[in-house]
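Down below is the structure, laid out as structure tokens.
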Number of protein chains: 2
Amino acid sequence: MDVAIPQGSADALTIAVEQLVRHVRLSATTGGLSSAASFVLSRLAREGPQRLTELARAEGVSQPNMSQLVNRLERGDLVRRTADHSDGRGVLVEVTDTGVEVFLRRRAERALALQQLIDELTEQEQHAVAVALPALARVIEDRRPPRS
Amino acid sequence: MDVAIPQGSADALTIAVEQLVRHVRLSATTGGLSSAASFVLSRLAREGPQRLTELARAEGVSQPNMSQLVNRLERGDLVRRTADHSDGRGVLVEVTDTGVEVFLRRRAERALALQQLIDELTEQEQHAVAVALPALARVIEDRRPPRS
DNA sequence: GCTTATGCATAGGTGCATTATGGACTTCCG
DNA sequence: CGGAAGTCCATAATGCACCTATGCATAAGC
């Protein structure tokens with residue numbers, strides 16, 4: 001069975017990405033805030049209260065999933081459900097002060113962990129990372145156009 | 001609430017990483033082989049049959065988790081449990097032909113998806129990605145030293 | 001005002017992770 | 001040799017993150 005991986009190939013990069021993904025997910029446990037939860041808090045902090053369905057679409061997950069996620073966040077006093085006065089069906093999700101605080105702390109922790117990784121790279125590699133990661137994030141963002 | 005992100009900072013890179021993580025996880029569903037499963041198949045294909053505990057340690061997950069994961073893989077005919085004749089307690093996990101095939105197909109799919117992202121980058125950014133991702137994978141690998 | 005569409009919650013299922021626990025086997029040592 | 005200790009693995013119970021299917025409530029259309 002030939003599973004060898006040519007250096008620098010798309011396969012090699014794929015494996016590197018998966019390694020990175022796994023590392024982030026495993027180290028994410030510390031701090032008690034999952035990746036999904038962090039994304040939601042980040043969005044709410046950036047853009048203010050939002051409709052639940054809006055959140056689900058923006059995060060690319062199903063509406064029931066977002067309902068559950070908001071439930072968990074609500075249990076931890078990180079977000080709050082409020083009524084939408086302009087639409088009796090709607091629910092506005094709003095980040096709490098605690099939520100902002102926890103989110104910022106977690107983001108700092110993650111940044112520190114990433115920095116520790118980056119510190120072990122050569123200078124050239126560090127520069128490559130500073131270019132590559134935002135570039136990838138950019139095309140990922142562009143790829144999910146707001147299907148309003 | 002100030003959640004602004006300075007360009008190029010560790011925070012910005014952290015967010016880029018999380019974007020990448022989310023993208024991979026969302027696109028991972030297609031193909032029916034999770035990240036964890038893929039890692040195990042990859043290792044078994046590369047290194048041959050291994051002890052369950054060995055796998056768990058190598059992948060950095062708990063032993064019960066690996067038990068369950070092997071159960072699921074076994075259900076899908078992707079791996080096989082065999083007895084370790086030199087140790088009655090042990091279980092050797094072995095990838096099946098189907099497992100290798102499925103794994104290779106999935107890896108090709110992921111590589112294609114990544115390639116599509118990379119194709120949208122500038123040439124300079126592409127070069128940065130080719131340097132940065134393997135470098136990060138390397139330091140992540142180094143960071144999990146074999147605590148025998 | 002009735003029908004249709006939308007927003008959300010709930011139920012039920014899967015996968016991935018954890019800790020706690022127990023059974024089977026090996027190993028070590030007296 | 002035989003009992004104690006350690007190792008390997010499985011199971012149980014729990015939590016999060018995802019899904020589809022379904023149903024209720026409200027809004028919007030005719």
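Chain letters run A, B, ... following the sequence lines, proteins first and then strands; every chain starts at 1.
To the nearest 0.5 Å, the span separating CD1 on A/I140 from CG on B/L117 amounts to 5.5 Å. Here the straight-line distance linking atom CG of A/L121 with atom CG of B/L136 works out to 5.5 Å at 0.5 Å rounding.
Looking at every heavy atom in both residues, A/R106 comes nearest to A/L33 through NH1-O, 3.0 Å. Residues A/S62 and A/A56 share a closest heavy-atom pair of O-CB, 3.8 Å. Heavy atoms only, all atoms of each residue included: B/L133 and A/A16 are closest at O-CB, 3.5 Å. Summarising the geometry of B/V70 relative to B/V79, their closest heavy-atom pair is O-CG2, 3.9 Å, with the distance given to 0.1 Å.
Although no hydrogens or angles enter the test, the distance criterion places a donor-acceptor pair under 3.5 Å between the side chain of B/Q126 and the main chain of B/I118.
At a threshold of 4.5 Å between non-hydrogen side-chain atoms, the residues B/L44 and B/L55 count as touching.
The distance between atom CD of B/E59 and atom C1' of C/dT18, rounded to the nearest whole Å, is 17 Å. Spacing between atom CZ of B/R57 and atom C1' of D/dT7 amounts to 11 Å, rounded to whole angstrom units. The separation between A/F39 atom CZ and D/dC18 atom C1' is 15 Å, rounded to whole Å. Look at CD on A/Q68: it is 11 Å from C1' on D/dG15, rounded to the nearest Å. Look at CE on B/M66: it is 14 Å from C1' on C/dT18, rounded to the nearest Å. Atom pair A/L69:CG and C/dA9:P shows a separation of 12 Å (rounding to whole Å applied).
The list of salt bridge (Lys or Arg N to Asp or Glu O under 4.0 Å) pairs with a residue in residues 62-77 of chain B, not counting sequence neighbours, reads B/E74-B/R81.
Taking every side-chain heavy atom of B/N65 into account, C/dA17 is the closest of C/dA17, C/dA9, D/dC18. Checking C/dT18, D/dC9, D/dC18 against the side-chain heavy atoms of B/S62 singles out C/dT18 as nearest. In this structure, of C/dA17, D/dC8, D/dC19, it is D/dC8 that holds the atom nearest to the side chain of B/T53.
Using a 4.0 Å cutoff on non-hydrogen atoms, the parts of residues 72-84 of chain A near DNA chain D are A/R72, A/R75, ordered by number.
Put simply, B/S67 has no side-chain N or O that comes within less than 4.0 Å of OP1 or OP2 on D/dC9.
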Open item on the list: Treating primed atoms plus P, OP1 and OP2 as sugar-phosphate and everything else as base, which nucleotides of nucleotides 22-30 of chain D get B, S or - for protein heavy atoms under 4.0 Å?
Closed with: ----BS---
